[in-house]
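Below is one structure, written out as structure tokens; comments come after it.
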Amino acid sequence: MKFLVTGAGGFVGRGLVKALVAAEDNSVVALYREPVGPDYCDARVTAVTSGDLHQFDRWQDVLQGVDCVIHLAAAAHGKVPAGHDPSSARSADVELVRLIATQCKKAGSRRFIFLSSIGVYGNSASAPVTENQSVNPQQAYARRKWQAECELKTALQGSAVEYVIIRPPLVYGAEAPGSFRRLIAGVWRDWPLPFKGLKNQRSMVALENLLDFILCAAVDGKAANETFVVADNERLSTAEIVECLARGMGKKPRLFRISARLFALLAKMLGQRRLYEQLFASYPVDNSKACGLLEWQPVISASDALRRSGQRYSQKQSGS
């Protein structure tokens with residue numbers, strides 16, 4: 001198959017391009033915002049410098065012969081391109097999905113995979129989240145993702161292009177950005193962390209598992225026009241996550257106990273309610289649809305993936 005990957009220079013994108021060409025007979029057109037060096041090149045990878053995708057004007061060229069588009073590019077972690085209102089229903093991510101979907105129809109591509117976010121269901125959950133749950137996006141990023149999902153379905157309605165929407169929770173690995181980067185750095189630096197005895201349940205997805213699911217969704221006919229939540233099988237507490245990371249680094253975690261209610265109060269006073277939810281609240285995810293309909297299973301356990309992440313992060317820091 002021939003794939004086109006947007007956001008190929010990101011954390012997920014870099015891994016996805018490698019995973020796609022690791023399979024025989026695949027080729028990839030990889031769109032990078034900035035020029036890339038030879039480390040990103042492969043005989044079956046066509047690296048294209050796109051700049052701002054909203055201004056990109058070579059869609060029909062890069063989509064020629066493409067079977068499946070995998071759209072990863074997004075204004076993540078609060079970064080919205082200049083000229084776009086983050087609160088607008090026609091914000092950057094929404095406009096871009098409509099643009100690419102329209103170009104896919106013109107080019108005759110067969111499938112469009114869109115990486116959305118578990119955040120469309122809200123910031124926390126007491127019961128396991130499934131695809132059937134009502135959406136309740138509370139953050140600007142999640143609202144844009146939900147709006148983009150709706151725009152994608154509208155743009156492809158009545159066409160031959162199939163969509164697959166994937167809603168992952170936090171994607172982690174040694175080079176993950178955002179909140180996971182801050183957590184793994186804290187473990188590496190032996191920071192005292194206030195999670196001792198914490199019994200929350202959080203679902204995440206290892207990069208290896210997400211990539212494997214994307215490859216599965218790209219080729220399985222049963223994935224056509226479906227939405228999936230995808231996560232590791234295990235749900236771990238924040239304390240267990242820290243312990244696994246520390247074990248991979250060969251360290252003993254420095255955990256101490258603090259009242260979750262006290263931390264919530266402090267977070268509210270400091271305007272950091274989201275930080276409290278990420279660290280102390282539960283967010284379990286039920287991946288049974290992905291496992292049942294597509295007969296998919298994660299390729300690595302959460303505990304093993306976290307230990308591997310800790311080990312790789314430690315090796316990288318020691319090397320530098």
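Excluded from the calculations below are hydrogen atoms, water molecules and symmetry mates; all remaining heavy atoms, backbone and side chain alike, are included.
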Any chance you could measure E149, atom CD, to T154, atom OG1, to the nearest 0.5 Å?
11.5 Å
Interatomic spacing from CG in L16 to CG in L115 - rounded to 0.5 Å
9.5 Å
Side chains of M204 and I241: does their closest heavy-atom pair fall under 4.5 Å?
yes
Quick one, E162 and R110 - any side-chain contact, counting heavy atoms below 4.5 Å?
no
Got L183 and F195 here, is their nearest side-chain heavy-atom distance under 4.5 Å?
yes
Hey, what do you get for NZ (K153) to OH (Y163), rounding to the nearest 0.5 Å?
4.5 Å
What distance do D93 atom CG and E151 atom CD have between them, rounded to the nearest 0.5 Å?
12.0 Å
For Q64, is the CD atom crowded, meaning more than 12 foreign heavy atoms sit under 6.0 Å from it?
no
So which heavy atom on L53 is nearest to which on L99, and how close?
O-CD2, 3.9 Å
Taking the side chain as everything from C-beta on, heavy atoms only, tell me whether Y172 gets closer than 4.5 Å to D232.
yes
Which of parallel (below 30°), tilted (30 to 60°) and perpendicular (above 60°) describes F56 and W59?
perpendicular
Could you check whether atom CD of Q157 has more than 12 heavy atoms from other residues, nucleotides or ligands sitting under 6.0 Å from it?
no
Check whether any side-chain heavy atom of I166 sits under 4.5 Å from a side-chain heavy atom of L210, and report yes or no.
yes
Can you give me the closest heavy-atom contact between I113 and C68, atom names plus distance?
CD1-SG, 3.9 Å
For the backbone of R98 and the side chain of T102, can you confirm whether one donor and one acceptor N or O come within less than 3.5 Å of each other?
yes
Closest heavy-atom pair, K145 versus S116, reported as atoms and distance to 0.1 Å, is CB-OG, 3.6 Å
Backbone N/O of V28 and side chain of R44: donor-acceptor pair under 3.5 Å
no
Side-chain heavy atoms under 4.5 angstrom apart, residues restricted to Ile, Leu, Val, Met, Phe, Trp, Tyr: same cluster for Y141 and V129?
no
Treating S124 as the side-chain partner and Y283 as the backbone partner, does any N or O pair qualify as donor plus acceptor under 3.5 Å?
no
pair S109-L63: side-chain heavy atoms closer than 4.5 Å:
yes
Between the CD1 atom in I300 and the CG atom in L306, the distance rounded to the nearest 0.5 Å is 9.0 Å
Counting only N and O atoms by type, is there a donor-acceptor contact under 3.5 Å from the side chain of K105 to the main-chain atoms of A155?
yes
Partner of V5 by side chain to side chain contact (heavy atoms under 4.5 Å, CB included), out of L31, V29, L20:
L20
Please report the C-alpha distance between V230 and N287 in whole Å, then the side-chain angles of each, then the deciding distance to 0.1 Å, and finally whether the side-chain contact (heavy atoms from CB on, under 4.5 Å) criterion is met.
CA-CA 5 Å; V230 59; N287 64 6; 5.6 Å; no
Regarding Q297 and D212, do their side chains bring together a donor and an acceptor under 3.5 Å, going by distance alone?
no
Could you tell me whether the side chain of R254 and the main chain of D190 form a donor-acceptor pair under 3.5 Å?
yes
Check whether R14 reaches the backbone of G9 with its side chain - one donor and one acceptor, N or O, closer than 3.5 Å.
yes
Please check if the side chain of K251 supplies one atom and the backbone of R189 the other of a donor-acceptor pair under 3.5 Å.
no
Membership question, hydrophobic clusters at under 4.5 Å side-chain separation (ILVMFWY): are V219 and V17 in the same one?
yes
Gap between atom NZ of K222 and atom CD of E295 - 0.5 Å precision
5.5 Å
Main-chain N/O of D67 paired with R111 side-chain donor or acceptor, under 3.5 Å:
no
Do R307 side-chain atoms and R247 backbone N/O form a donor-acceptor pair below 3.5 Å?
no
Side-chain heavy-atom pair M249, Q317 within 4.5 angstrom cut-off
no
Is any side-chain heavy atom of W296 closer than 4.5 Å to a side-chain heavy atom of N209?
yes
How close do F112 and A101 get, heavy atom to heavy atom, and via which atoms?
CE1-N, 3.8 Å
Can you name the nearest heavy-atom pair linking P168 to V205, along with the distance?
CB-CG1, 4.1 Å
Using atom types as modelled and distance alone, determine if a side-chain donor or acceptor of N26 lies under 3.5 Å from a backbone N or O of V21.
no
State plainly whether one hydrophobic cluster holds both L198 and L265, where clusters connect Ile, Leu, Val, Met, Phe, Trp and Tyr through side-chain heavy atoms under 4.5 angstrom apart.
no
Could you walk me through whether E175 and L207 pass the side-chain contact (heavy atoms from CB on, under 4.5 Å) test, one step at a time?
CA-CA 10 Å; E175 298 180 352; L207 178 63; over 6 Å; no
Could you go through L245 and S309, starting from their C-alpha distance and side-chain angles, then the distance that decides it, and tell me whether this counts as side-chain contact (heavy atoms from CB on, under 4.5 Å)?
CA-CA 7 Å; L245 290 172; S309 296; 4.2 Å; yes
Please give me the minimum heavy-atom distance between A231 and P169, naming the atom from each residue.
CB-CG, 4.0 Å
Should F180 and F11 be regarded as members of a common hydrophobic cluster, given that ILVMFWY residues are connected when their side-chain heavy atoms come within less than 4.5 Å of each other, either directly or indirectly?
no
Between V187 and W191, is there shared hydrophobic-cluster membership here, with clusters defined by ILVMFWY side-chain heavy atoms closer than 4.5 Å?
yes
Candidate pair V229 and D286, rule side-chain contact (heavy atoms from CB on, under 4.5 Å), full reasoning:
CA-CA 7 Å; V229 297; D286 182 351; 5.7 Å; no
Going by an N to O cut-off under 4.0 Å, is there a salt bridge joining R274 and E277?
yes
